[in-house]
Student: 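Structure provided below as structure tokens; questions to follow.
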Amino acid sequence: MLKRENRLTKRKEFNYVYRKGSKLNFGQITIYSIKSKFAFPRFGISVNNKVGNAVLRNKIKRRLRSILCEYVEKIMHKNIIVVAHNEVIDLDYQSLKQLVYKAFSKGKIINEINS
RNA sequence: GUAGCUAGUUAGGCGGUCGAAUUUGCAUUUUGCAAAUUAGGAAAGUCCGAGCACAGCAGGGCAGGGUGCAAGAUAACGUCUUGUGGAGGCGACUCCAAGGAUAGUGCAACAGAAAUACACCGCCAUAUAUGUUAGAACUUUUGUGUUUUUUGAUAUUAAUUAUCAUACCUCCUAUUUUUUCGCAAAGGUCAUGUAUAUGGUAAGGAUGGAAAGGUGAUUUAAGAGAUCACCGGUAUCGCAGAGAUGUGAUAUGCUAUGUAAACCCCACCUUGUGCAAGACAAGGGAACAACAAGAGUUGCCCACUCGUUCCCGAUAUACGUCGCUUGAAUGUUUUAGUAAUAAAACAUCUAGAUAGAUGACCGUCCUUUGACAGAACUCGGCUUACAGGCUAGUCUACAAGG
RNA sequence: GCAGGUGUAGUUUAAUGGUAGAACUCGUGCUUCCCAAGCAUGCAGCGAGGGUUCGAUUCCCUUCACUUGCU
């Protein structure tokens, strides 16, 4: 799981990222990202209110958290928000994992480490 | 055995890897390690009722809102229990917002003579006019005249009717049967018939959810609870019961249908806002206005209280800490009570986050993928959703056997 | 989380408890050499389930969906 340091906690931070960050849309998932001064990444997760139940929404959040946990040491100097949309319900854990990997590699978030 | 009824219970188990929150302890102050705990029966809907907090410590009056059989339970309730009355079921049993319709007002489409109560048709009496005493009227029989008579289609209608086609191709004549109306003759009844006016009557008059207690008789000019019998209703009294009410007797011939989940009347309850409530830490300066306007704490009135905005000031419409979980608590036993529930004893501490933890993945077993569903101040209910599994009953019905 | 509001035809809307009315759209016909406009005509509806009532879009209860404010 993510530690408290690696989360976006305040409403202002969320708004800052939403306004000024770069946006990438992948249908089931959108990703907002922006540079930050911290050495470690900070993640925020938000699930649309129209997705299923409260139970389903919680489940999606937990899965996303466990996936993002793997990227904590690979990414530097970033604030990232992952927004899940209505079609996420049909996805498994594995396909979600692949989708997040695809999104991060396309958005040049992981490649910065290599370069 | 099958089908039910009632009451309750459970809500996948085990193992491995990687992780989150809170508390406690130890080491240490960048933090680390260990242990314990970590979502439901509905956490849901927010439909009721309370606690708690603030406001003037909860003022007066009106309006508004809610509830509505009795007694009891409860902190309180629109909840629960046991009864009463009614409805359903063969039954165990289940369901019911179940006060008042002579306090008043409103509404009741269409249909129907008429919709809350009169009028009309009808029946009857009286008065006037007129007809008839050997036939007006009523009734029976006979004769005679006129109209109609089968089938299908179309249009229309409440019924009917109209048109067209068809039959025996058409027309004419005669006979028989049935129905309606008219005429004539004969027999019977026996004093009234018709019209108009006045009065009586509510038996009958196609409808409708509802037509003024129902059925049958007596009486009457005709009728009518006017009278009687049975059934139903209402009131009083007695008895039983804590009461709703039940039951017996007597009286009343019963005067006004339904709707109050229409307004309303009666009885009882009701201040408002909701933890984004609120508490903690500090105030200072400037501008504008003036006892009016405006604001506060509710729809209105009375009463009462109060200036507003901006800037600075510990990031100050924020953030932090508290509120926050020991509580009308949970479990077991006993006692009281038909029961809801209450009392006592013993034992226990059982989520408390703040972008929001309570998990992710894998393996394995079972009914093979485990339904409905995620705490956000806390309780008591109600309502709604829900795959299955399990337990109990001197429980019920049917079938079979003893 | 707390407090409200609204659901009527494909769309925008109206309504006293007595069987729902308009406008635009859509279909058909007339008109025109053809289209548009115009005229005539038709189809299509009370979010869902119960209750009260003789009768419910309307009154009451439950439920579903959408939506507003506080942030």
Side-chain angles (χ1 to χ4, degrees):
Chain A
M1 286 294 288
L2 293 167
K3 290 187 180 178
R4 178 61 57 77
E5 297 172 349
N6 299 331
R7 298 183 205 161
L8 289 171
T9 52
K10 293 176 187 174
R11 186 183 170 76
K12 276 185 180 177
E13 296 171 348
F14 268 79
N15 277 335
Y16 181 75
V17 176
Y18 277 134
R19 268 184 220 152
K20 307 218 166 177
S22 60
K23 178 183 170 186
L24 284 169
N25 195 354
F26 288 89
Q28 292 133 336
I29 278 178
T30 19
I31 288 173
Y32 296 83
S33 64
I34 196 169
K35 282 189 180 178
S36 76
K37 49 190 173 181
F38 296 106
F40 44 84
R42 302 202 299 168
F43 293 105
I45 301 165
S46 88
V47 185
N48 200 330
N49 197 21
K50 291 176 184 175
V51 179
N53 276 341
V55 177
L56 265 173
R57 262 176 265 142
N58 256 334
K59 200 170 191 182
I60 290 162
K61 272 189 215 166
R62 281 183 216 125
R63 278 178 174 168
L64 278 175
R65 258 184 232 130
S66 63
I67 290 163
L68 292 177
C69 204
E70 301 172 7
Y71 292 98
V72 167
E73 297 182 352
K74 299 178 185 173
I75 303 173
M76 312 276 279
H77 302 293
K78 279 277 179 187
N79 285 346
I80 296 169
I81 297 178
V82 181
V83 180
H85 293 298
N86 200 8
E87 298 84 7
V88 180
I89 301 170
D90 309 327
L91 296 181
D92 290 340
Y93 177 75
Q94 296 294 338
S95 48
L96 233 182
K97 202 173 177 180
Q98 286 177 12
L99 205 146
V100 171
Y101 177 75
K102 215 193 221 175
F104 280 174
S105 59
K106 248 194 180 178
K108 299 179 183 176
I109 294 167
I110 304 176
N111 292 348
E112 285 184 359
I113 312 161
N114 305 332
S115 63

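Here is the naming used below: chain letters follow the sequence lines, and residue numbers restart at 1 for every chain. Atom set for the values below is all heavy atoms of this structure, side chains included, hydrogens, waters and symmetry mates excluded. The structure presented is a predicted model; accordingly, all values stated were derived computationally and were not measured.
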Student: Considering only atom C1', compute the distance from B:rA397 to B:rA92 and round it to an integer number of Å.
Tutor: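 My reading of the C1' atoms in B:rA397 and B:rA92 gives 8 Å.
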
Student: As a test of the definition: with a 90° window around 0 for syn, would you call B:rG41 syn or anti?
Tutor: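 Chi for B:rG41 falls in the syn range.
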
Student: How far does the C1' atom of B:rU38 sit from the matching atom of B:rC349, given to the nearest Å?
Tutor: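 Per the computed distance, 15 Å lies between those C1' atoms.
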
Student: Between B:rA70 and B:rG99, how far apart are the P atoms? Round to whole Å, please.
Tutor: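 The same atom, P, in both gives a distance of 10 Å.
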
Student: A:Leu64 has an atom CG; how far is it from atom C1' of B:rA355, in whole Å?
Tutor: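 It works out to 14 Å between those atoms.
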
Student: Applying a 3.5 Å limit to both distances, which nucleotide forms a Watson-Crick or G-U wobble pair with C:rC30?
Tutor: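 When the pairing criteria are applied, C:rG38 turns out to be the nucleotide that pairs with C:rC30.
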
Student: Both distances under 3.5 Å, Watson-Crick or G-U wobble: report the partner of B:rU28, or none.
Tutor: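 Answer to the pairing question: none, since B:rU28 forms no Watson-Crick or G-U pair.
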
Student: Could you measure between the two P atoms, the one in B:rG8 and the one in B:rG331, and give it in whole Å?
Tutor: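 Pairwise P distance, B:rG8 against B:rG331, rounds to 14 Å.
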
Student: Only pairs with both distances under 3.5 Å count, Watson-Crick or wobble alike; so what is the partner of B:rA229 in this structure?
Tutor: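 For B:rA229, the partner nucleotide comes out as B:rU215, under the 3.5 Å rule.
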
Student: Can you check the A:Gln98 CD to B:rC361 C1' distance for me, whole Å?
Tutor: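 The distance from CD of A:Gln98 to C1' of B:rC361 comes to 15 Å, rounded to the nearest Å.
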
Student: Could you state the atom-to-atom distance from CD1 of A:Ile81 to P of B:rG356 in whole Å?
Tutor: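 Taking atom P of B:rG356 as the reference, CD1 of A:Ile81 is at 12 Å.
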
Student: Using the C1' atom as the reference point in each nucleotide, state the distance between B:rA210 and B:rA114 in Å, no decimals.
Tutor: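 Each nucleotide's C1' atom is 14 Å from the other's.
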
Student: Take the protein atom NZ of A:Lys61 and the nucleotide atom C1' of B:rA39, then report the distance between them rounded to whole Å.
Tutor: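 Value for this atom pair: 15 Å.
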
Student: Using purine N1 to pyrimidine N3 plus N6-O4 or O6-N4 for Watson-Crick, or N1-O2 and O6-N3 for G-U wobble, both under 3.5 Å, which nucleotide pairs with B:rG323?
Tutor: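 Partner of B:rG323: none found under 3.5 Å.
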
Student: Using Watson-Crick or G-U wobble geometry with both distances under 3.5 Å, which nucleotide pairs with B:rA184?
Tutor: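 Its partner is B:rU142 (Watson-Crick or G-U wobble, both distances under 3.5 Å).
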
Student: Please name the nucleotide paired to B:rU259 by Watson-Crick or G-U wobble geometry with both distances under 3.5 Å, or report none.
Tutor: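 Checking every strand shown, B:rU259 finds its partner in B:rG106, with both distances under 3.5 Å.
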
Student: Within this structure, what is the CD1-to-P distance between A:Ile67 and B:rC361, rounded to whole angstrom?
Tutor: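 Spelled out: CD1 on A:Ile67 to P on B:rC361 is 9 Å.
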
Student: Tell me whether B:rU192 sits syn or anti, counting syn as a glycosidic angle within 90° of 0.
Tutor: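 Classified anti.
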
Student: Work out how far the C1' atom of B:rC306 is from that of B:rC291, and round it to whole angstrom.
Tutor: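 Between the two C1' atoms, the distance is 12 Å.
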
Student: In whole angstroms, how far is the P atom of B:rC361 from the CD1 atom of A:Ile60?
Tutor: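 In whole Å, B:rC361 P lies 12 Å from A:Ile60 CD1.
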
Student: B:rG272 pairs with which nucleotide, Watson-Crick or G-U wobble, both distances below 3.5 Å?
Tutor: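 WC or wobble partner is B:rC54.
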
Student: Please measure how far the C1' atom in B:rU102 lies from the corresponding atom in B:rU6, and state the result in whole Å.
Tutor: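 Comparing C1' positions in B:rU102 and B:rU6 gives a spacing of 48 Å.
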
Student: So what's B:rG15 paired with, Watson-Crick or G-U wobble, going by both distances under 3.5 Å?
Tutor: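 Partner of B:rG15: B:rC362.
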
Student: Could you give the distance separating B:rC264 and B:rA244 at their P atoms, to the nearest angstrom?
Tutor: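 30 Å, rounded to whole Å.
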
